[in-house]
Structures are given as C-alpha cells and as structure tokens.
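Beneath this line is the structure, given in structure tokens, with notes to follow.
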Amino acid sequence: MKRLTQLLIPALALSGLLTLTAAFPASADGGWWYSRDHPKGAKAYFREHGDRVTVCDIDKDGYRALVQVMADTGSLAYQFADTYDDGRCSARSAPRHDLLEHNHYKFRVCIVRIGQRPHHCSPIHRVFNDR
C-alpha cells in the first residue's frame, strides 16, 4: 500500500499541473489597453497570431489614437496612428510589421494631434511574443 501511495501522489500532482496549464495558456493576447484619459481617449490591442496591432480613437475630439511598439530595450520599433477620429479602428500586422518570435516587446497607447507630441499615454505594457 505504501508503494502505491508513493506512485499515486506524484501522478496526481502532475495531472493537476497539466490541468492548470491547459486552463491558463500563455499568450500575449491580453485585452485592450487604454490611454490615461479613458474612457474618451484611445485604446489598443495586440494579437500575437499574425503580430496584429489594433488602435482605436474612442471619441471624436480632434485627437488621434497612437500606438507605439518598442523593443524590450525601449527603442521604438514602429508606431502608427488610427486614421479615423470617430470610434473606428486601424490595424497593422505582419509582414509589414513582423515582430520577432520569442522576444519581449513594450506597447503603449496615447492620443496625439498632428504636429504635437503624444500625451495621456498609457503605462507601458510588456508582452512576450512567442507565436
């Protein structure tokens, strides 16, 4: 009986770990990020499959939504602004902006007027691109 218990406990622990891993898959798809002036500013989203970045201007107010994608070092990889000012979204994806797999990236979303610096930027969101 003692031998059976010694074999059974590690097997049960392993099955529990596998269940947790299956229930919570690792992914960079983390939901919407909002500029600091939420709910009327801007929002952005990163979808790991296809390296798709979506940015949306939430409020028609003369500002544009801007998303900045940075390497883990902080250097700007690329940025783009939503071409709309009415609640619709703009998106970019690979191959135009291919992000290397197995690398960390930082994202932030801001609002901006043409000719001005971005402001009301969100905190930086760090993701691991592993697909």
Side-chain angles (χ1 to χ4, degrees):
M1 183 66 154
K2 183 177 180 181
R3 175 87 174 131
L4 180 60
T5 304
Q6 288 174 336
L7 292 174
L8 192 56
I9 290 175
L12 289 173
L14 180 59
S15 76
L17 181 61
L18 290 174
T19 302
L20 281 175
T21 304
F24 301 103
S27 174
D29 299 351
W32 290 100
W33 304 310
Y34 292 87
S35 58
R36 290 193 193 273
D37 60 341
H38 177 67
K40 60 181 191 169
K43 64 182 181 178
Y45 181 84
F46 173 66
R47 189 184 67 185
E48 194 173 6
H49 183 67
D51 298 341
R52 187 173 181 82
V53 179
T54 302
V55 62
C56 309
D57 187 315
I58 298 171
D59 191 25
K60 186 172 180 124
D61 57 4
Y63 288 90
R64 297 276 174 116
L66 175 78
V67 65
Q68 296 178 321
V69 181
M70 297 161 272
D72 199 32
T73 60
S75 63
L76 189 65
Y78 72 94
Q79 66 181 5
F80 74 95
D82 183 12
T83 56
Y84 305 104
D85 181 23
D86 61 1
R88 291 188 289 168
C89 303
S90 297
R92 303 272 168 87
S93 59
R96 185 171 181 185
H97 295 293
D98 193 21
L99 301 178
L100 298 175
E101 309 307 316
H102 306 291
N103 281 287
H104 285 96
Y105 289 92
K106 296 176 181 176
F107 293 82
R108 77 176 185 169
V109 59
C110 309
I111 60 170
V112 66
R113 280 192 192 245
I114 294 174
Q116 295 182 356
R117 298 177 60 93
H119 59 282
H120 291 297
C121 296
S122 71
I124 290 179
H125 301 278
R126 189 170 184 251
V127 299
F128 182 68
N129 188 28
D130 63 350
R131 288 190 195 178

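Quick caveat, the model's predicted, so the values are computed rather than measured.
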- Message: Atom CG of residue position Leu100 - does it have more than 12 heavy atoms of other residues, nucleotides or ligands inside 6.0 Å?
- Response: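 Enclosed.
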
- Message: If the condition is side-chain hydrogen bond (donor to acceptor under 3.5 Å, both in side chains), which residues does Thr54 pass it with, not counting sequence neighbours?
- Response: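 In terms of side-chain hydrogen bond (donor to acceptor under 3.5 Å, both in side chains), with neighbours along the sequence ignored, Thr54 is linked to no residue.
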
Taking the side chain as every heavy atom from C-beta outward, state whether [X] and [Y] have any pair of such atoms under 4.5 Å apart.
X      : Y      : result
Arg36  : Pro123 : yes
Trp33  : Phe46  : yes
Val109 : Trp32  : no
Tyr78  : Gln68  : no
His119 : Ile111 : yes
Lys106 : Val69  : no
Ser90  : Phe80  : yes

Which heavy atom of [X] sits nearest a heavy atom of [Y], and at what distance?
X      : Y      : value
Asp59  : Lys40  : CB-O, 2.8 Å
Leu66  : Pro118 : CD2-CG, 3.6 Å
Asn129 : Asp51  : ND2-OD1, 3.2 Å

For the [atom1] atom of [X] and the [atom2] atom of [Y], what is their distance to the nearest 0.5 Å?
X     : Y      : atom1 : atom2 : result
Ile58 : Ser35  : CD1   : OG    : 6.0 Å
Cys56 : Arg88  : SG    : CZ    : 11.0 Å
Gln79 : Cys110 : CD    : SG    : 8.5 Å
Arg92 : Arg52  : CZ    : CZ    : 11.0 Å
Tyr84 : Asp57  : OH    : CG    : 12.0 Å

- Message: Show, in sequence, the C-alpha distance, side-chain angles and deciding distance for Val53 and Tyr45, and conclude whether the side chain to side chain contact (heavy atoms under 4.5 Å, CB included) test is met.
- Response: CA-CA 6 Å; Val53 179; Tyr45 181 84; over 6 Å; no

- Item | Asp86 (side chain) donor-acceptor with Lys60 (main chain) under 3.5 angstrom |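 Answer holds: no.
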
- Query: Under 3.5 Å, is there a donor-acceptor pair between the side chain of Asp85 and the main chain of Gly62?
  - Reply: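 Answer holds: yes.
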
- Query: Where do Ser122 and Tyr34 land on the side chain to side chain contact (heavy atoms under 4.5 Å, CB included) test, with the steps shown first?
  - Reply: CA-CA 6 Å; Ser122 71; Tyr34 292 87; over 6 Å; no

- Task: Indicate, with yes or no, if Val127 and Leu99 share a hydrophobic cluster defined by side-chain heavy-atom contacts under 4.5 Å among Ile, Leu, Val, Met, Phe, Trp and Tyr.
- Result: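 Leu99 clusters together with Val127.
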
- Message: Could you see if Ile124 belongs to whatever hydrophobic cluster contains Leu76? Use Ile, Leu, Val, Met, Phe, Trp, Tyr and a side-chain cutoff under 4.5 Å.
- Response: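 Yes, it is one cluster - the side chains of Ile124 and Leu76 are joined through contacts under 4.5 Å.
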
- Task: Could you tell me if the ring centre of His125 sits under 6.0 Å from that of Phe107?
- Result: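 No; Phe107 has its ring centre 6.0 Å or more from that of His125.
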
- List for me each residue that meets side chain to side chain contact (heavy atoms under 4.5 Å, CB included) alongside Arg117, sequence neighbours excluded, and say none if there are none.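 Partners of Arg117 under the side chain to side chain contact (heavy atoms under 4.5 Å, CB included) test: none.
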
- Between the side chains of Asp72 and Asn103, does any donor sit under 3.5 Å from an acceptor?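 There is no such pair (donor and acceptor under 3.5 Å, judged by atom type) between the side chains of Asp72 and Asn103.
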
